[in-house]
Amino acid sequence: HITVISGLFIIIGFIAHFIFTNTVIFNSAFIIASILGVIPIAIQAYQAIKVKVVSIDVLVTIAVIGAFFIQNYEESAIVTFLFLFGSYLEQRTLKQTRSAIKELTEMAPETAFKQLNEGQFEEVDIDKVKEGDILLVKTGAKIPVDGRVTTGKGYVNEANITGESLPLKKEKGDKVFAGTTMDNGTIQIIADRIGEDSTFGRIIELVEEAQDSKSEAERFIDQFSRWYTPVVLIIGLLVWLLTKDTALAVTVLVLGCPGALVIGVPVSNVAGIGNGAKNGILFKGSEVISHFANVDTVLFDKTGTLTEGKPEVSEFVYYGNNQEEDLSLLYSVERESDHPLAVAITNKLAQYKLRPVDNTQVIKGGGVIAHVDGHLVAVGNKTLMEQENIPLSDDVLKELDKLERAGSSIVLTAVDRKLIILMGIRDQVRAGVKQDLQKLKSLGVKNLIVLSGDNQGTVNLVKKELGLTEAHGDMLPEDKQAFLKERQSTGEIIAFIGDGVNDSPSLATAEVGIAMGNGTDVAIESSDIVLMNSNFNRLPHALGLAKGTYANMRQNILIAVGVVIILLVSLVFSEWMSMSIGMLVHEASILVVILNAMRLRRYELR
């Protein structure tokens, strides 16, 4: 408002001067504009001096007061207007770059159905929910808190927290997260963590902290400006003592303002972090951006990172005579188990009829035996078949060996002691991951290495399929960390990407730890970057964005320093440089670095 009013008085002054040639109105308008404009700047200067900081506001205040007392009202009015207008643009831009936080907070639930003393449920504001409260969540509603299911069952979409794209079945005892959506069903939950303590609340806090954090470059510039500003004051004083030219001394103060330098780096980092949050990439701070921009080696966990983490039936061989009935028997037995291989089978056979299962017996390390509709059904590995004296022909053994060498897990099914089904189950490579890895290489990553607890044969297949640099299997979490440290000792800058649970030692040890967005405490606390949607194709965007932000920051430093040098040189070697022109160029440089940084808000990897 002050900027607008000050601008109006400046316009009135120019109209009075050029149209009506009225000196009194001309001077009066610029005096009022100068006083209005300098008040907020002087207040900020006073507040800075109180905490022993000689800020840019101090320079501008002294310069404006000096111009005012030498009766250069036009200069003082224009200088304050330009400074205030530059500050307005700066704040407006920073507000826009923080829009990612607003988008996140709008996803947070605002109300919940809370159980009252009488047992009925009533919709209340989320602030009235406490730990231990029982809450009702219906189909289509957002889960308001982190908690555990007490009664009911249903399917929850946790994509924005855990990265799981498919709805997950939830029943008594299962954990649920705030901000996720109840796709189907009705459950009651007991509140464990609420508000800012919930996983979703901590994600929002993470973005806020990241945008407020300072990188090494920002800390250096803060220190630089703390010393730079007093030096400019001293130079201005020396100029006045040597030349007795107050206008020249005041002009030196204006031209020496390092505003673009102070704002250039933070606005780049904030814009980059905001773009990341909008695209499901949480940078834990601006320091992380600098490290990630210079990374030359990326280490990958396999399961849940390069692969989906959801095994699927890849090979199916049938040896029986009544496929419809036999697959129905297999489906009925596997529905009794929540083992990942059993889930893969039931997903494939979901269209078959479910039959009553009796006398289920789990054979440790082998599989399961059960009676279904009068048939004895055995489902498991080769060892189980041998224990049950179920014959395996040479053709079956050859097929089995072929699938094992291809990296598949083997599941055999026998009905009434006769083998009828052989299945190979594999954890499928993520769609598009090969193209994403090629993008990482094109962005300058030299080494792409997979580290896995799986057998070396399976890991070698993944390496061959994806074109990785190296592959290492049969590794425990401590082995991965040791490998990482060995590579670091050779000077490599390492990024490690994993699920954030078993690989937390490596996530914490790497220069950049990247978690595949499973939303757990370990993922958020151990990593530097979180891919919130568990979407691997966001990784090239994250690296490209980090490199773009780092380059943008350096461009802004170059612009800011270059402008100050040009202004001071022009003051010495030219006659056209004045206080108003200097402030105009100075504020224009601030606008340039802000607009340059704002390009990051629209950044997309090409």
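One-based numbering along the sequence shown. Here the structure is a predicted model, which is why all the values come from computation and not from measurement.
Taking CG of N537 as the reference point, atom CG of L437 lies at 11.5 Å (rounded to 0.5 Å). Atom CG of L605 sits about 7.0 Å away from atom OG of S442, to the nearest 0.5 Å. Distance check: T469 OG1 to N447 CG gives 5.0 Å after rounding to the nearest 0.5 Å. Between the CD1 atom in I62 and the CD1 atom in I41 there is a gap of 12.5 Å [rounded to 0.5 Å]. To the nearest 0.5 Å, atom CD of residue E492 and atom CD1 of residue I449 are 6.5 Å apart. Atoms OG1 and CZ, on T549 and R599 in that order, are 10.5 Å from each other to the nearest 0.5 Å.
Using a 4.5 Å cut-off on side-chain heavy atoms (C-beta onward), E511 and F496 make no contact. When side chains are defined from C-beta on, N294 counts as touching Y550, because their heavy atoms get closer than 4.5 Å. You'll find the side chain of L539 stays beyond 4.5 Å of the side chain of D436, heavy atoms only. Residues T80 and I35 have side chains not in contact (no heavy-atom distance under 4.5 Å, counting atoms from C-beta outward). Looking at heavy atoms from C-beta onward, I289 lies out of side-chain contact with F292 at the 4.5 angstrom threshold. The side-chain heavy atoms of E110 and K142, taken from C-beta on, include no pair separated by under 4.5 Å. P40 has its side chain within reach of L84: a pair of non-hydrogen atoms, C-beta onward, lies under 4.5 Å apart. The shortest side-chain heavy-atom distance between L545 and N279 does not fall under the 4.5 Å cut-off.
Remark: side-chain polar atoms of K547 are paired, donor with acceptor, to backbone N or O of A293 under 3.5 angstrom. One N or O on the side chain of R430 and one on the backbone of T305 form a donor-acceptor pair closer than 3.5 Å. Between the side chain of N275 and the backbone N or O of L600, at least one donor-acceptor pair lies under 3.5 Å. Of the possible polar contacts, none joining the D296 side chain to the K446 backbone as a donor-acceptor pair under 3.5 Å is found. Checked by atom type and distance alone, the side chain of D57 never pairs as donor or acceptor with a backbone atom of Q44 at under 3.5 Å.
Here the closest non-hydrogen pair linking V252 and V232 is O-CG1, 4.1 Å. Here the closest non-hydrogen pair linking I126 and A112 is CD1-CB, 4.3 Å. Taking all atoms of both residues into account, the shortest heavy-atom contact from V129 to V145 is CG1-CG1, 4.1 Å. Of all the heavy atoms in S6 and A33, the pair that sits closest is OG-O, 3.5 Å. Taking all atoms of both residues into account, the shortest heavy-atom contact from D146 to F177 is OD1-CA, 3.4 Å. Minimum interatomic distance between I5 and L36 (heavy atoms only, all atoms of both residues): CG2-CD1, 3.6 Å.
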Derivation and outcome, side-chain hydrogen bond (donor to acceptor under 3.5 Å, both in side chains), residues T509 and Q481: CA-CA 7 Å; T509 304; Q481 186 184 32; 2.8 Å; yes
Chi angles and distances behind the side-chain contact (heavy atoms from CB on, under 4.5 Å) call for I494, V298: CA-CA 6 Å; I494 308 288; V298 181; over 6 Å; no
Verdict with supporting geometry, V450 and H472, side-chain contact (heavy atoms from CB on, under 4.5 Å): CA-CA 6 Å; V450 60; H472 301 273; over 6 Å; no
Test side-chain contact (heavy atoms from CB on, under 4.5 Å) applied to V592 and V563, step by step: CA-CA 11 Å; V592 167; V563 165; over 6 Å; no
Test side-chain contact (heavy atoms from CB on, under 4.5 Å) applied to W576 and I581, step by step: CA-CA 9 Å; W576 55 267; I581 292 174; 3.9 Å; yes
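Among residues two or more places apart in sequence or in another chain, the side chain to side chain donor-acceptor pair (under 3.5 Å) test is passed with T307 by D427.
A salt bridge links D301 with K480; the closest basic N to acidic carboxylate O contact falls under 4.0 Å.
Inspection of the Q555 and N596 side chains reveals an N or O donor paired with an N or O acceptor under 3.5 Å. N556 and S268 share a donor-acceptor pair across their side chains, judged by distance under 3.5 Å alone.
Around CZ of F483, the count of heavy atoms belonging to other residues, nucleotides or ligands within 6.0 Å exceeds 12. The 12-atom threshold is not exceeded at CD of E486, counting heavy atoms of other residues, nucleotides or ligands nearer than 6.0 Å.
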